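Single-structure report; data block below.
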Amino acid sequence: MIDDARAFAKPSPSLPLTSRQGYLFALALLLLAAFLRFTYLVSLPHGFSENEIINVRLVDNVRQGDVLVFFPGEDGGREGGYHVLAALVTSLIGDGPIGFRIFASWVSLLSIAIIFTLGNHLFNPMVGVMAAALVTVNMSSILLARTASSDVTVAFLVCAVMLALARSLPVYRRTRVGTSNVQSFTALGILLGVGLCLHPSSLFIVAGALAYIAHLVFIRNQMFRRRRSYTGFALLLLLIISIPYMIATVNLPQYSGINRILASYDAAWLRSLMDGLQGIMLVGDLDPLHNLPGRPLVDVISAAAIVCGIVVCAQRRHRPRFMLVLIMFVLTLPAALVVPKSPNFARMAVILPQLALFFGMGIYAFLRLPIFSDRLFRLLGLVGAVALLALNLVWTWQDLVAGWRENEQVMQLVNGELGQISHYLDFVGNELPVVFCNPKWQNTQPSPELNDAEKVLLMMNRDSLRYHEANCANTLLVTNGGERQRLIFFDSEAREAASPHLQAWLALGESIVPGLPRNAVIELDTVETLAGKVGALTTTAPVSYAREVAEPEPISPAIRFGGNLTLLGYEPGAPRSFLPGETVDIITYWRADGELPPDVTIFMQILADPVTPIATRHYIGVNPSRLRERDIFIQVTQLQLPAVALPGEYAISVGLYRERLDQRLPVLKDGQAHGDRLFLYTIDVAPEEAVEASSA
């Protein structure tokens, strides 16, 4: 260590870097940081984590006018400031993985630029360059820059607040009165106020800023006394901007940042603190979303330099510029280390700028040792610092692109298979009709939980995809009369879960897309097969009108219903004999002849007589609002016979129903209503003795 009071002075020719060289190195680091954060922006990773999906949906709420200070949630809630900023950005450049991740990457790059400026302003270009270099190649910082989360704003907030404090308040001991920068005081007040609405860690940042101001008051800094009115102006701005935050905290204390912070503290806080410190240079965060599990925050050499920088700051704590870094580090340390499942690198973003400055000071102090007074040794020292940066760069790139990207836990947590499908659909666009095979789709009130199809759409950058949606487990949709189309399955089990009758149709397709989960995309062309099948139904699947409007006599399909839907027929070879309690599979073929009502469903009934149903089901396995003319779907409707069904012959009837209007749609004959149902065929239910005999 060195005791020279001028060791951390402003640039001079004797320092390792001049001011101009420092700016050139900073520019090179920003270009490197941009490369690390923008390369594979969409594909690393494919997909969004569940936390990111929540944030994306909240951004959509903001764009629709639902702006809140605290958004409630099962995780305790979250501040709404990030979602407002993300909504502004994505409304200009578009949403999807590119929109959300490029916003996070921009914030990360801006943080690096501010860290260099802060190190240069407080100390010298060498400290600024080394601090920016550490953050540039830090894997945790890179992952945050690719995450749609408010955590990415924390590092920006803490270094921006420190820079505003350094530019507004006297950090050097000077007797002359400097010109007060009103813009810096304004920026300080705005940053502190807005930060409260971005992340709960900002409470610790505000505490650090106020503690530093109190420190200047305590040491009776002459320059500070002459800027008290400006400081009061900054604090007034903080108070005004934070009024909505304080009101929301009083009204909704269960969702406030203070409540979430207090909830994270428990009896094991000391263990969390020790685990967090250990994670900086030994065993790091085990959460795959924040880190390649187990990798420390920094390497051992960098950690030693950080410790050296802390010692340097502690030795010079009587100087305001060193005290600024120390105070901000100490007061934000609990937000970084005393957290559930410590170490948590996402929470450590609040101390990453301070650690970077300590690293820069440690490297600089090392290069100022007497041995480096010789020009050759100083050059070797600089080469060693560059080599350390290069080793960290290679280490990070290898872990990021190979280790982390291919980690199975990461793929699961970020819905990686769905992300790959989204990326594929972004690439192919609307070359062929697309049918989402979504087993969880149903024509009822939408669930608050996103299904796989909705997640895929959320992860896409393209918002012009024209797609259809069907429950391929019991309903298969073939578009445009059976011409070539793509069926999208969201998991490997979806295809195996399809009805055996539909499996025969799916077997006509082929999986030809490499690099995606097996059978995720199937191309299907059924024009000839479907035409032959529909033609055969006209002679093999006769139906009859309802008995209340016509004498029962067989007529050939196709029969048109109101609502632009036509029954093409039913599967004539389906089983006709059943036992009480068994399930009856009714396989029908339908064609869309135009736009369908969005609430239309198909009702199936098993009738003991023309008016007495013993089993009824209202169901349609496709999204009616997305059907187009000439789209055909095959539906397997399952009805369970009552266990007490009497032996005899039962009729099966079918019709269409509007859920919202609570009415049936008419059967059309020559364009006129002709009843509201059709009779398909009859089934036989065996007597109870047959059930006992079969069980015996």
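Note that the numbering runs from 1 along the sequence shown for the chain. Please read these numbers as outputs of a predicted model, since none were measured by experiment.
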Query raised in the report: If only atom types and distance count, is the side chain of S272 paired as donor or acceptor with the main-chain N or O of V338 below 3.5 Å?
Result: no
**Report entry** Evaluation steps, side-chain contact (heavy atoms from CB on, under 4.5 Å), between L393 and L32
**Finding:** CA-CA 10 Å; L393 175 60; L32 176 60; 4.1 Å; yes
**Report entry** More than 12 heavy atoms of other groups within 6.0 Å of F204 CZ
**Finding:** yes
Report task. Provide the full list of ring pair (Phe, Tyr, Trp, His ring centres under 6.0 Å) pairs with a residue in residues 325-355, sequence neighbours left out, each pair given once. Result -> F329-F358
Query raised in the report: Can any side-chain N or O of E50 pair as donor or acceptor with the backbone N or O of L413 at less than 3.5 Å?
Result: no
Query raised in the report: More than 12 foreign heavy atoms under 6.0 Å from CE of M274: is that the case here?
Result: no
Query raised in the report: Is there any ring pair (Phe, Tyr, Trp, His ring centres under 6.0 Å) pair reaching into residues 45-67, and which pairs are they, with sequence neighbours excluded?
Result: H46-H423
Report summary line: For S105 and R37 the tightest heavy-atom approach is OG-O, 3.6 Å
Query raised in the report: Between L289 and S49, is any pair of side-chain heavy atoms under 4.5 Å apart?
Result: yes
Report summary line: Taken to the nearest 0.5 Å, the spacing of L144 CG from L352 CG works out to 8.5 Å
Query - T147/R101 under side-chain hydrogen bond (donor to acceptor under 3.5 Å, both in side chains): CA gap, chis, key distance, verdict - result: CA-CA 6 Å; T147 305; R101 288 180 183 157; over 6 Å; no
Query raised in the report: Do R57 and E454 pass the salt bridge (Lys or Arg N to Asp or Glu O under 4.0 Å) test, and can you show the C-alpha distance, the side-chain angles, and the key distance before you say yes or no?
Result: CA-CA 11 Å; R57 296 182 72 186; E454 291 168 327; over 6 Å; no
Report task. Rounded to the nearest 0.5 Å, what's the gap from CD1 on I306 to CG on L134? Could you check? Result -> 5.5 Å
Query raised in the report: Side chain of N120, backbone of G128: donor and acceptor closer than 3.5 Å?
Result: no
Query - R78 side chain vs P72 backbone, donor-acceptor pair below 3.5 Å - result: no
Query - From L400 atom CG to L36 atom CG, the distance as rounded to the nearest 0.5 Å - result: 8.0 Å
Query raised in the report: Are V152 and F156 close enough that some pair of their side-chain heavy atoms sits under 4.5 Å apart?
Result: no
Query - Under 3.5 Å side-chain donor-acceptor pair for T396 and R295 - result: yes
Query raised in the report: Are the side chain of S91 and the backbone of L88 linked by a donor-acceptor contact shorter than 3.5 Å?
Result: yes
Requested in this report: Start with the C-alpha gap between L85 and L198, add the side-chain angles, then the distance that decides, and say whether side-chain contact (heavy atoms from CB on, under 4.5 Å) holds.
Outcome: CA-CA 9 Å; L85 295 176; L198 289 175; 3.8 Å; yes
**Report entry** Closest approach of G189 to L237 (non-hydrogen atoms, all atoms of both residues)
**Finding:** CA-CB, 4.0 Å
Query - pair L297-S140: side-chain heavy atoms closer than 4.5 Å - result: yes
Query raised in the report: Going from OG1 on T231 to CG on L216, what distance comes out if it is rounded to the nearest 0.5 angstrom?
Result: 8.5 Å
Requested in this report: Mind running side-chain contact (heavy atoms from CB on, under 4.5 Å) on W404 and L143 for me, showing each step along the way?
Outcome: CA-CA 10 Å; W404 188 83; L143 290 180; 3.9 Å; yes
Requested in this report: Mind listing the closest non-hydrogen atom pair of L331 and G208 along with its distance?
Outcome: CD1-CA, 3.5 Å
Query raised in the report: Does any donor atom in the side chain of E52 or S149 lie under 3.5 Å from an acceptor atom in the other side chain?
Result: no
Query raised in the report: Which distance, rounded to the nearest 0.5 Å, do you find between the CG of L282 and the CG of L277?
Result: 10.0 Å
Query raised in the report: Between N55 and A148, is there a donor-acceptor pair closer than 3.5 Å when you use the side chain of the first and the backbone of the second?
Result: yes
Query raised in the report: Quick one: do the D299 and N392 side chains pair a donor with an acceptor below 3.5 Å?
Result: yes
Query raised in the report: So do the side chains of H215 and L324 get within less than 4.5 Å of each other, counting heavy atoms only?
Result: no
Query raised in the report: Centres of the Y245 and F70 rings: under 6.0 Å?
Result: yes
Query raised in the report: Would one find more than 12 heavy atoms of other residues, nucleotides or ligands at under 6.0 Å from atom CG of L210?
Result: yes
Query raised in the report: Are F185 and Y230 close enough that their ring centres sit under 6.0 Å apart?
Result: yes
Report task. Measure from the side-chain N and O atoms of S108 to the backbone N and O of A104, and report whether any donor-acceptor pair falls under 3.5 Å. Result -> no
Requested in this report: Just say parallel, tilted or perpendicular for the rings of Y82 and F103, cut-offs at 30° and 60°.
Outcome: tilted
Report task. Determine, using ring centers only, whether Y23 and F116 are less than 6.0 Å apart. Result -> yes
Query raised in the report: If you look at every heavy atom in N461 and I98, which pair is closest and at what distance?
Result: OD1-N, 2.9 Å
**Report entry** Minimum heavy-atom distance between A349 and V154, given as atom pair plus value
**Finding:** C-CG1, 4.0 Å
Query raised in the report: Are side-chain heavy atoms of W106 and V89 found at a separation under 4.5 Å?
Result: yes
Requested in this report: Indicate yes or no: at least one non-hydrogen side-chain atom of Q278 is less than 4.5 angstrom from one of P343.
Outcome: no
Query - D66 side chain near L68 side chain, heavy-atom distance below 4.5 Å - result: yes
Query - Mutual orientation of the aromatic rings belonging to H83 and F71 [parallel < 30°, tilted 30-60°, perpendicular > 60°] - result: perpendicular
Query raised in the report: Side chain of R317, backbone of A314: donor and acceptor closer than 3.5 Å?
Result: yes
Report summary line: Scanning both residues in full, the closest heavy-atom pair of L367 with L382 reads CD1-CD2, 3.8 Å
Query raised in the report: Strictly by modelled atom types, are S342 and R347 linked by a side-chain donor-acceptor pair under 3.5 Å?
Result: no
Query raised in the report: Taking the side chain from R321 and the backbone from L122, do they hold a donor-acceptor pair closer than 3.5 Å?
Result: yes
Requested in this report: Answer yes or no: is there a side-chain heavy-atom contact under 4.5 Å between L188 and V161?
Outcome: yes
Query raised in the report: Where do F359 and V127 land on the side-chain contact (heavy atoms from CB on, under 4.5 Å) test, with the steps shown first?
Result: CA-CA 8 Å; F359 171 77; V127 173; over 6 Å; no
Query raised in the report: Are the side chain of S141 and the backbone of N138 linked by a donor-acceptor contact shorter than 3.5 Å?
Result: no
Query - Reported CG-to-CG distance for the pair L273 and L337, which is rounded to 0.5 angstrom - result: 5.5 Å
**Report entry** Trace of the salt bridge (Lys or Arg N to Asp or Glu O under 4.0 Å) decision for D285 with K341
**Finding:** CA-CA 9 Å; D285 195 343; K341 299 181 180 179; over 6 Å; no
Query raised in the report: How about R405: does its CZ atom have over 12 heavy atoms from other parts shown lying under 6.0 Å from it?
Result: yes
